[in-house]
Colleague: 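Okay, here's the structure, questions in a sec.
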Amino acid sequence: MATKCGKCGPGYPSPLEAMKGPREEIVYLPCIYRNTNTEAPDYLATVDVDPKSPQYCQVIHRLPMPHLKDELHHSGWNTCSSCFGDSTKSRTKLLLPSLISSRIYVVDVGTEPRAPRLHKVVEPKDIHAKCDLGYLHTTHCLASGDVMISSLGDPKGNGKGGFVLLDGETFEVKGTWERPGGAAPMGYDFWYQPRHNVMVSTEWAAPNVLRDGFNPADVEAGLYGNHLHVWDWQRHEMVQTLTLQDGLIPLEVRFLHNPAADQGFVGCALSSNIQRFYKNEGGTWSVEKVIQVPPKKVKGWMLPEMPGLITDILLSLDDRFLYFSNWLHGDLRQYDISDPQRPRLTGQLFLGGSIVKGGPVQVLEDQELKSQPEPLVVKGKQVAGGPQMIQLSLDGKRLYVTTSLYSAWDKQFYPDLISSDDRRQN
């Protein structure tokens, strides 16, 4: 799902310096077989993205995981830019937490970057026993040298937004980051800003709710998240919960890259809006909606109105642009956020989606488009699905986009995505 550019090293002294780094030559891409007709393990694909290479835009290596039905999802590094200048630290390990099995794979990408190998497997029983957590999502490396991974639930699939701590050298499970009994009721993504002693986390739903697909009745029952949780970074405890007005299913959250910034954005998937969170003078935090994608009235779909479903957001390293994907509508957007309170749409590109011409869905009323977009065809083949996970190159000139959200939801909303190839790319 989350594409990672393959560049090992100790990091950069600042986000702006990182923009001057060398161009990426490979990317790593988790590929998912769960909920398909193929009984095979998920794997990590290595893709050559060097325009000078004869293998440009080809998969040059596949690393299969040793187990079935893990549901690889996000990925993260073993060390981060806060370790700049420390010659003993480098990004040689890529961590692949499993959303369903709760297993964590540690992949060696340093020995041979173009042919990664499995370094270690952290089994679910260790995470369950030491943390009482499971269904793992976001990985962030910490300045302490540890690695922190968010959870969606407890081992039984009930909602529980806690955080697993791993030793960044041995990858042994150390326990939870939060204090005992201090987990949020739901979890998903998180981002931290040490200079303001704060971390912000988001909510999807309990694993038992979302595991087998999306049921609109679960929204009516209040089973999906609509809160941001604010944490004291030093004390490891939640200090404020923000209810998002018109903010259902807040998924990806991003602080501005400026390490002194006291604001950021969260993408609310089902409400299809972007909300800005910011620090008040008194030290508390607030949110405000700054972008709204209007729904489309449709025929031939599961509901009479189709939301955009914002599933991923990111910021350029210079904090100039915000990008996000509308997985259902099928468009990728760029906004100028020079004024974070008033983002300005500067680019839009359709890459598939559910409303393309010739598909089963007819758009009856559209506040934005005059006609339904054309299907995305690459090398004579129509691309199934819609834009989902996005990764921007360091210099901000290339955006990598994948199409899979989560296998059960892929199967429900984009059945052609399941059967269109011998693998699916998260």
Side-chain angles (χ1 to χ4, degrees), residues 1-2 4 11-12 14-15 18 73-77 79-83 95 97 136-144 146-152 161-165 176-178 183-184 186-204 225-242 244 247 249-269 274-279 284-288 290 310-319 321-325 337 340 343 389-392:
M1 171 178 155
K4 289 292 181 184
Y12 298 93
S14 72
H73 202 66
H74 273 265
S75 58
W77 295 110
T79 191
C80 48
S81 294
S82 56
C83 299
L95 280 76
L136 306 178
H137 189 261
T138 300
T139 301
H140 281 308
C141 40
L142 308 183
S144 65
D146 291 334
V147 175
M148 183 167 156
I149 304 175
S150 61
S151 75
L152 272 68
F163 305 90
V164 175
L165 272 185
T176 61
W177 174 86
E178 74 278 7
M186 297 183 199
Y188 187 70
D189 195 22
F190 71 101
W191 203 273
Y192 61 94
Q193 193 75 306
R195 292 193 189 181
H196 291 279
N197 189 35
V198 67
M199 180 180 80
V200 176
S201 66
T202 64
E203 302 181 327
W204 187 0
N226 70 325
H227 299 94
L228 287 185
H229 301 289
V230 182
W231 303 74
D232 185 298
W233 183 244
Q234 294 180 351
R235 299 205 314 263
H236 298 198
E237 61 185 19
M238 198 190 315
V239 294
Q240 189 178 357
T241 293
L242 302 172
L244 299 170
I249 314 186
L251 293 183
E252 304 294 331
V253 62
R254 303 288 183 265
F255 268 100
L256 295 182
H257 289 290
N258 180 347
D262 60 358
Q263 61 182 315
F265 299 92
V266 60
C268 300
I274 301 292
Q275 305 213 14
R276 182 181 77 99
F277 58 91
Y278 57 95
K279 189 177 182 180
T284 59
W285 293 77
S286 297
V287 291
E288 63 174 355
V290 292
I310 298 173
T311 52
D312 196 17
I313 70 172
L314 62 77
L315 306 180
S316 59
L317 288 177
D318 57 5
D319 291 331
F321 292 113
L322 162 71
Y323 297 86
F324 68 79
S325 53
I337 54 168
M389 290 303 297
I390 51 180
Q391 176 72 50
L392 189 66

Colleague: About how many Å separate NE2 of His196 and CG of Asp262, when rounded to the nearest 0.5 Å?
Modeller: 4.5 Å
Colleague: For Arg195, which residues count as a side chain to side chain contact (heavy atoms under 4.5 Å, CB included) partner, sequence neighbours excluded?
Modeller: Pro259, Ala260
Colleague: Ignoring hydrogens and geometry, is there a side-chain-to-backbone donor-acceptor pair from Ser316 to Phe321 under 3.5 Å?
Modeller: yes
Colleague: How far apart are the closest heavy atoms of Gly267 and Ile313, and which atoms are they?
Modeller: N-CD1, 3.8 Å
Colleague: Can you sort out the partners of Met186 under side chain to side chain contact (heavy atoms under 4.5 Å, CB included), two or more places apart, ordered by chain and number?
Modeller: Glu203
Colleague: Please check: side-chain N/O of Gln275 versus main-chain N/O of Leu244, any donor-acceptor pairing under 3.5 Å?
Modeller: no
Colleague: Flag the pair Val198 / Trp285 as yes when at least one side-chain heavy-atom distance between them is below 4.5 Å, and no otherwise.
Modeller: yes
Colleague: Centres of the Phe277 and Phe255 rings: under 6.0 Å?
Modeller: yes
Colleague: Check for a donor-acceptor pair, side chain of Ser286 on one end and backbone N or O of Tyr278 on the other, with a separation under 3.5 Å.
Modeller: no
Colleague: Suppose we screen for side chain to side chain contact (heavy atoms under 4.5 Å, CB included). Which residues come up paired with Asp319, at least two apart in sequence or across chains?
Modeller: Leu256, His257, Asn258, Leu315
Colleague: Do the side chains of Glu178 and Met238 get nearer than 4.5 Å, heavy atoms only?
Modeller: no
Colleague: Should Trp231 and Val200 count as side-chain neighbours, where that means a heavy-atom distance under 4.5 Å?
Modeller: no
Colleague: Below 4.5 Å, heavy atoms only, C-beta onward: do Gln193 and Lys279 meet side chain to side chain?
Modeller: no
Colleague: Who are the ring pair (Phe, Tyr, Trp, His ring centres under 6.0 Å) partners of Phe190, not counting sequence neighbours?
Modeller: His140, Phe163
Colleague: Is any side-chain heavy atom of Thr138 closer than 4.5 Å to a side-chain heavy atom of Trp191?
Modeller: no
Colleague: Can you sort out the partners of Gln234 under side chain to side chain contact (heavy atoms under 4.5 Å, CB included), two or more places apart, ordered by chain and number?
Modeller: Asn197, Asp232
Colleague: Closer than 3.5 angstrom, by distance alone: can the side chain of His236 be matched with the main-chain N or O of Trp177 as a donor-acceptor pair?
Modeller: yes
Colleague: Please identify each residue that fulfils salt bridge (charged side-chain N to carboxylate O under 4.0 Å, His left out) with Arg254, with sequence neighbours left out.
Modeller: Asp189, Glu252, Asp312
Colleague: Would you find a donor on one side and an acceptor on the other, under 3.5 Å apart, between the side chain of Thr202 and the backbone of Leu251?
Modeller: yes
